[in-house]
Amino acid sequence: MSELIDDADDEIIAKVSDYLDGVLPPDEKSTIEAKLKSDPAYQRVYAEMQETRDALSGLQKARARETFVEDVTGLIHKRSAGRFFGRRTLGDRVPFGVLLVIALVALVALGWVLRSSMTGSL
């Protein structure tokens with residue numbers, strides 16, 4: 001018996017949610033409006049959803065500053081006296097894409113030198 005009540009509640013929640021979102025066809029919308037006026041279960045679900053919507057609309061999204069990562073990294077580096085940050089290698093300072101382009105250019109140049117030699121190989 002409780003499964004029937006749970007399924008009925010889920011159906012009421014789904015219909016009221018669709019009603020609040022404005023995605024119901026006009027005939028179903030009028031049916032839900034009539035049930036909201038007469039059915040206490042629909043009224044309870046509607047009141048809970050309105051309360052939840054009002055609570056969620058009051059929340060604001062917190063955003064970090066644009067320099068947040070650099071600020072935190074600098075603070076850790078300063079407080080740890082460099083223990084968490086070893087010496088930076090070339091790979092750390094130069095982006096991977098730039099290193100990849102340099103390597104490809106070097107391979108193309110090497111291939112060109114091998115192709116253009118008089119004997120065909122070095």
Side-chain angles (χ1 to χ4, degrees):
M1 181 79 172
S2 66
E3 287 183 18
L4 292 176
I5 293 171
D6 291 341
D7 290 342
D9 282 346
D10 288 345
E11 185 177 327
I12 292 171
I13 291 169
K15 286 185 178 184
V16 172
S17 176
D18 289 344
Y19 171 76
L20 287 172
D21 291 339
V23 295
L24 290 177
D27 58 332
E28 232 179 290
K29 182 179 177 182
S30 61
T31 305
I32 297 299
E33 287 173 348
K35 287 188 179 188
L36 284 173
K37 291 177 184 173
S38 63
D39 191 347
Y42 275 82
Q43 292 170 355
R44 178 182 52 81
V45 170
Y46 181 77
E48 288 176 6
M49 285 192 169
Q50 280 297 107
E51 184 180 322
T52 302
R53 278 183 163 210
D54 292 342
L56 288 175
S57 68
L59 297 176
Q60 293 186 8
K61 191 180 272 189
R63 293 185 176 93
R65 295 184 313 268
E66 290 184 22
T67 60
F68 179 74
V69 173
E70 291 84 14
D71 294 344
V72 170
T73 304
L75 185 62
I76 292 171
H77 187 52
K78 184 172 108 178
R79 288 187 179 175
S80 68
R83 288 183 295 249
F84 294 116
F85 300 94
R87 292 185 56 197
R88 292 181 56 142
T89 62
L90 177 66
D92 292 333
R93 288 179 274 177
V94 180
F96 178 75
V98 173
L99 292 175
L100 182 64
V101 168
I102 292 171
L104 288 175
V105 168
L107 284 173
V108 168
L110 180 64
W112 180 76
V113 167
L114 290 174
R115 281 275 202 211
S116 64
S117 73
M118 296 281 215
T119 61
S121 69
L122 293 176

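Bear in mind the structure is a predicted one, so any value in this text is a computation, not a measurement.
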Calculate, to the nearest 0.5 Å, the distance between atoms [atom1] and [atom2] belonging to [X] and [Y] respectively.
{"X": "Ser17", "Y": "Ile32", "atom1": "OG", "atom2": "CD1", "result": "11.0 Å"}
{"X": "Asp39", "Y": "Ile12", "atom1": "CG", "atom2": "CD1", "result": "6.0 Å"}
{"X": "Leu20", "Y": "Thr52", "atom1": "CG", "atom2": "OG1", "result": "10.0 Å"}
{"X": "Met49", "Y": "Asp21", "atom1": "CE", "atom2": "CG", "result": "8.5 Å"}
{"X": "Phe68", "Y": "Thr73", "atom1": "CZ", "atom2": "OG1", "result": "9.0 Å"}
{"X": "Asp71", "Y": "Ile76", "atom1": "CG", "atom2": "CD1", "result": "11.0 Å"}

Problem - More than 12 heavy atoms of other groups within 6.0 Å of Glu51 CD - result: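 Counting other residues, nucleotides and ligands, CD of Glu51 stays at 12 neighbours or fewer.
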Exercise for the section: May I ask you to test the Lys37-Tyr42 pair for a side-chain heavy-atom distance under 4.5 Å? Expected result: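 Answer no - side chains too far apart.
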Handout entry: Lys15 bridged to Glu11 by N-O distance under 4.0 Å
Key =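 Salt bridge: yes.
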Exercise for the section: Apply salt bridge (charged side-chain N to carboxylate O under 4.0 Å, His left out) to the pair Glu48 and Arg44, showing each step before the final yes or no. Expected result: CA-CA 6 Å; Glu48 288 176 6; Arg44 178 182 52 81; 3.6 Å; yes
Practice task
State, to 0.1 Å, how close Tyr46 and Leu36 come at their nearest heavy-atom pair, and which atoms those are.
Solution key: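 The answer is CB-CD2, 3.5 Å.
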